[in-house]
Amino acid sequence: MSFVEYSEFIQEGDVAIIFLGHDSMMPVKVQQGSQTQTRYGVIRHSKDLIGQRFGTKVTCGKGGWVYVLHPTPELWTLNLPHRTQILYTTDIANITMMLELKPASVVCESGTGSGSLSHAILRTIAPTGHLHTVEFHQQRAEKAEEEFREHRVGHLVTVRNQDVCKEGFGVTGVADAVFLDIPSPWEAVQHAKNAMKRQGGRLCSFSPCIEQVQKTCAALADEGFEEISTLEVLLKVHDVRTITLPLPDFGPDRPLETPTDTPVPSNTSVLCKTTTPPREMAGHTGYLTFATKPRV
Amino acid sequence: MADNGDDDSQHRVNEGDYVVLKRGDIYKAVQIQKKKKTVFEKQWFFLDNAVGELYGTTFEVVTDGKLQPRKPKHIESSADAKEAGTDNRNIQDDGKSQKLTRDDIETLKEQGLNGQEIVQQLIENSTTFRDKTEFAQEKYIKKKKKKYENSVMVLRPSCRILAMMYHGREPGKICHLRYDTLAQMLTLGNIHAGSKVLVFETCAGLVLGAVIERMGGYGSVVQMYPGGGPVRAGVESFGFPSHFHDTLHEFPICHVNALLAGTLDTEAKDIDTNAGQANGDKSNLTQTDPEKAEGKGGSPDTEDQSMETSTSTDPAEDKEREEREKRREIRAQEKIVKTEEKRKKLSAAAGVLKGRNADGLVIASRFHPCPVLLGLIKFLAPSRPFVVYSQYKEPLIECYSKLREQGGAVSLRLTDSWIRHYQVLPNRTHPMLLMSGGGGYILSGTTVATDTTKAKTCSTTAEEPAAKRLKLTETTEG
């Protein structure tokens, strides 16, 4: 297993995602002799996981069952331990496409945070790309490095514990794309420009507040970036439901006819297969600002 | 570090390259061919001068349709304190403030003034320009620039650019798939290098190209196609290196059932690789339809020939007949070679599919998604994602329900993406006035191992949660 390559069977040291049902999942580090408690009972790693195919049904101690899934960056985003507020798949998907990420891309990212976007980037740029990620918080930087190793993607990423606004990304002239998710992205624009290839590249800045966006756009324009564009995306989920709608009774159709012994059968309700929106939805995550560094 | 002359060549335009032309928000995909007239945004020009320049260069269209690289952005002299007003209370919108007539402007164009200069002329000949507020002046300049500029940017194609191009120019060709929806599909489908992905699409090859781009030439992609042959026009526009095509297979869906049942014999000589051709009409197996038509109408077939030999003894005609026969033989040979090639391709694709261990499935077509999904999902290994796009919601509701019934998939989600662009300017920041009304819907999920015994009544397969159903019936009674 790795986050950048599928494998068929579960092995010691893998990270697996236990699917408990309807949006309920948990990550698990597979180890000989270990046990994991779930609401359906205990899962014994050696007996129930190791050697099994990803995707199989595992019966737990109390008799209920779960599925064991192969990890993907998307599943990881939903299950990772939060050290910071994270980016979710909707924003990640757009960032990936708008930055034109693909295998062999070299990407600079700051801040690493909890590694949600980092994992998605690594999956997209593997096997020949590289991610230079900068995190100014020491423990978070260390934790991220540890996770990348456990997830078998360490060879694709370099974590630097420094302040990107003061010291940059630690590399120059190599990046195809730069991503900023920091409080003051306008302070890092020049560093971003230096980290990017001379022939150009793409940049993205994620900011929750419009004031940050305004300052960043101004800084980008000053540094000669082109195609500056700000947008936001939201995901709307549709819950599929079969609903019952009762029909009104306006009385019999032909009231002048003599009533028969058997009453005319009529439907009292109709079943309708439709979708309903959830009660609440994410209304705002952040504004995404994209720009192109032109070739000099 | 990586900035030497060698690297540059990768970033320069070559003849034969597939590129995308850009002006403002308008894109067009073309191939660089010297001495070929290209039309873009009501202008004709030659792309010859683009060859050798770096990608991302902006060109001006000058006389004779030649391209001239523009100097790097000259910062507008907006720093000068120009005369401006405070508001529009005294500005009459009577259509008389511009002194230049349309003919005057045409004359200026003919004189060879570039866009920048024409805009300058318009400003000087506008009686109300200096009364406008600074913001209004900027807006006016921007508007005129957009109308009179004749610059073209030459871009390297990418999924992002092509998706925006198709959505802006020909959304009907891509089932109105909006670019952010495509982005969701690629990520939810975990498309990455080294995997084996099945694609069924009728989006002119845009979706297929996007998948191929994310695979980077590693792994394999099988395009399942309906009808006579795979449509891939959009894939060309991506300008992939030729070795990427080695990873691309195709398989006609008319053979899916046979493959699943294990009865598909790809060794059979008369296997047809087209849908709808029942048995052995070999002439249909070649792609060269005009050839086929000629073969039927142009050269005589055996009956006619025998008639001819009995009536004609003209040596010139004999020679002609000989040559016709030769040509027919060559064509027949070509057909045999082509058929064999196609058979080999079919066999290779079948080989890739047979193991039923594909890593991902992407569906985006005008066909009803339900049968497509239910048919193709059988080729996926367990614990792998699938993504189905539909322009409409209802067909996906059906997919969702059928999948719930038959099992084999978890985390089913029916979603659509909402996107809004912003204008960001000092004191003028707001969302754009127009936004997309819709970009289609996606059903996504993950496969799981199917039980041989269907366990429909398991407590953990939460369907439409019972609690919620009760609530609905309560409110309808209220």
Side-chain angles (χ1 to χ4, degrees), chain A residues 4-6 19 21-22 53-57 64-65 67 69-70 72 74 89-90 92-94 96-98 100 102-104 120 123-124 126-127 172-174 197-200 210 213-214 217 224 229-238 240-246 273-275 287 294-295, chain B residues 1-3 7-8 11 54 56-57 73 158-160 179-180 182-184 186-188 190 192-195 213-214 216 218 359 381-383 385 393 397 400-401 410-411 413-422 424 426 429 446-449 451 459-462 464 468-469 472-473 476-477:
Chain A
V4 300
E5 205 180 318
Y6 280 118
F19 181 84
H22 207 70
R53 253 184 137 188
F54 280 106
T56 44
K57 191 190 289 191
W65 43 260
Y67 286 106
L69 300 178
H70 194 291
T72 64
E74 289 61 58
T89 302
T90 311
I92 292 175
N94 282 288
T96 308
M97 186 186 79
M98 300 295 261
E100 302 183 0
K102 50 185 179 280
R123 174 267 313 276
T124 304
T172 49
V174 296
K197 285 186 173 140
R198 193 174 54 84
Q199 293 85 356
I210 200 70
V213 172
Q214 289 176 304
C217 286
S229 148
T230 301
L231 54 93
E232 60 172 342
V233 274
L234 292 174
L235 196 71
K236 293 169 65 190
V237 180
H238 304 267
V240 178
R241 295 268 179 280
T242 305
I243 57 161
T244 314
L245 300 167
K273 197 141 224 171
T274 179
T275 64
Y287 301 102
R295 95 282 184 288
Chain B
M1 276 153 76
D3 288 350
D7 247 22
D8 252 6
H11 301 266
L54 284 172
T57 306
K73 256 249 166 93
S158 71
C159 169
R160 162 181 84 98
Y179 44 89
D180 59 305
L182 176 59
Q184 297 298 314
L186 295 169
T187 294
L188 290 171
N190 194 18
H192 63 278
S195 45
E213 187 184 85
R214 295 283 201 112
Y218 301 92
D359 298 314
S383 188
K393 207 192 343 174
I397 295 178
Y400 181 104
S401 308
V410 297
S411 285
R413 290 231 296 180
L414 178 53
T415 59
D416 81 282
S417 173
W418 179 96
I419 188 169
R420 196 194 230 180
H421 289 259
Y422 282 73
V424 179
T429 300
T446 306
T447 54
V448 288
D451 286 341
S459 53
T460 51
T461 34
E464 301 134 13
K468 285 221 172 101
R469 205 185 299 149
L472 275 162
T473 47
T476 48
E477 278 167 40

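Letters A, B, ... are given to chains in the order of the sequence lines, protein chains preceding strands, and every chain is numbered from 1. What you see is a predicted model, and the numbers here were worked out from it, not measured in a lab.
For the atom pair CH2 of B:W418 and CG of A:L235, the computed distance is 12.5 Å after rounding to the nearest 0.5 Å. Atom CE in A:M98 sits 10.5 Å away from atom SG in B:C159 (nearest 0.5 Å). For the atom pair CZ of A:R198 and NE2 of B:H11, the computed distance is 8.5 Å after rounding to the nearest 0.5 Å. Considering CE of A:M97 and CG of B:L186, their distance stands at 8.0 Å, rounded to 0.5 Å.
Contacts between A:Q214 and chain B at a heavy-atom distance below 4.5 Å involve backbone atoms as well as side-chain atoms. Heavy atoms closer than 4.5 Å to chain B are found in both the backbone and the side chain of A:E232. For a residue to count as touching a neighbouring chain, one of its non-hydrogen atoms must lie under 4.5 Å from one of that chain's; by this rule A:R123 touches chain B with backbone and side chain alike. Only the side chain of B:T446 comes within contact range of chain A, with at least one heavy atom under 4.5 Å from a heavy atom of that chain. Contacts of A:F54 with chain B are made by both backbone and side-chain atoms, with heavy-atom separations under 4.5 Å. Interface residue A:S229: only side-chain heavy atoms are found under 4.5 Å from chain B. The part of B:Y218 that comes within reach of chain A is its side chain, from C-beta onward, which places non-hydrogen atoms under 4.5 angstrom from that chain. Looking at B:S158, the atoms closer than 4.5 Å to chain A (heavy atoms on both sides) all sit in the side chain, from C-beta outward. Contact of A:A126 with chain B is made through the backbone alone, with heavy-atom distances under 4.5 Å.
Between B:Q184 and A:T89, the shortest heavy-atom contact is OE1-O, 4.3 Å. Taking both residues in full, the closest heavy atoms of A:P103 and B:A193 are given as CG-CB, 4.0 Å, listed atom of the first, atom of the second, then distance. Here the shortest heavy-atom pairing between A:V240 and B:S401 reads CG1-OG, 4.3 Å.
The side-chain hydrogen bond (donor to acceptor under 3.5 Å, both in side chains) test applied to B:R413 returns no partner, not counting sequence neighbours.
Among B:P382, B:G216, B:S195, the residue making the largest number of heavy-atom pairs under 4.5 Å with chain A is B:P382. Here A:T275 is the residue among A:T124, A:T56, A:T275, A:T72 with the most heavy-atom pairs under 4.5 Å with chain B. The candidate from A:I210, A:V233, A:L234 with the greatest count of non-hydrogen atom pairs under 4.5 Å with chain B is A:L234. Chosen from B:T429, B:V410, B:D359, B:N190, the residue pairing most often with chain A at heavy-atom distances under 4.5 Å is B:N190. Per-residue heavy-atom pair counts under 4.5 Å with chain B were compared for A:T274, A:N94, A:V213, and the maximum is reached by A:N94.
Side-chain contact between B:T187 and A:E74 is present, with at least one heavy-atom pair separated by less than 4.5 Å.
The number of heavy-atom neighbours closer than 6.0 Å to NZ of B:K393, taken from other residues, nucleotides and ligands shown, is above 12. Atom CD of A:E5 has 12 or fewer heavy atoms from other residues, nucleotides or ligands within 6.0 Å.
Ring-plane geometry between A:Y6 and B:H192 is classed as tilted, the angle between the planes lying from 30 to 60 degrees on a 0 to 90 degree scale.
Tested against A:V237, the residues B:D416, B:L414, B:T415 include a single side-chain contact (heavy atoms from CB on, under 4.5 Å) partner, B:T415.
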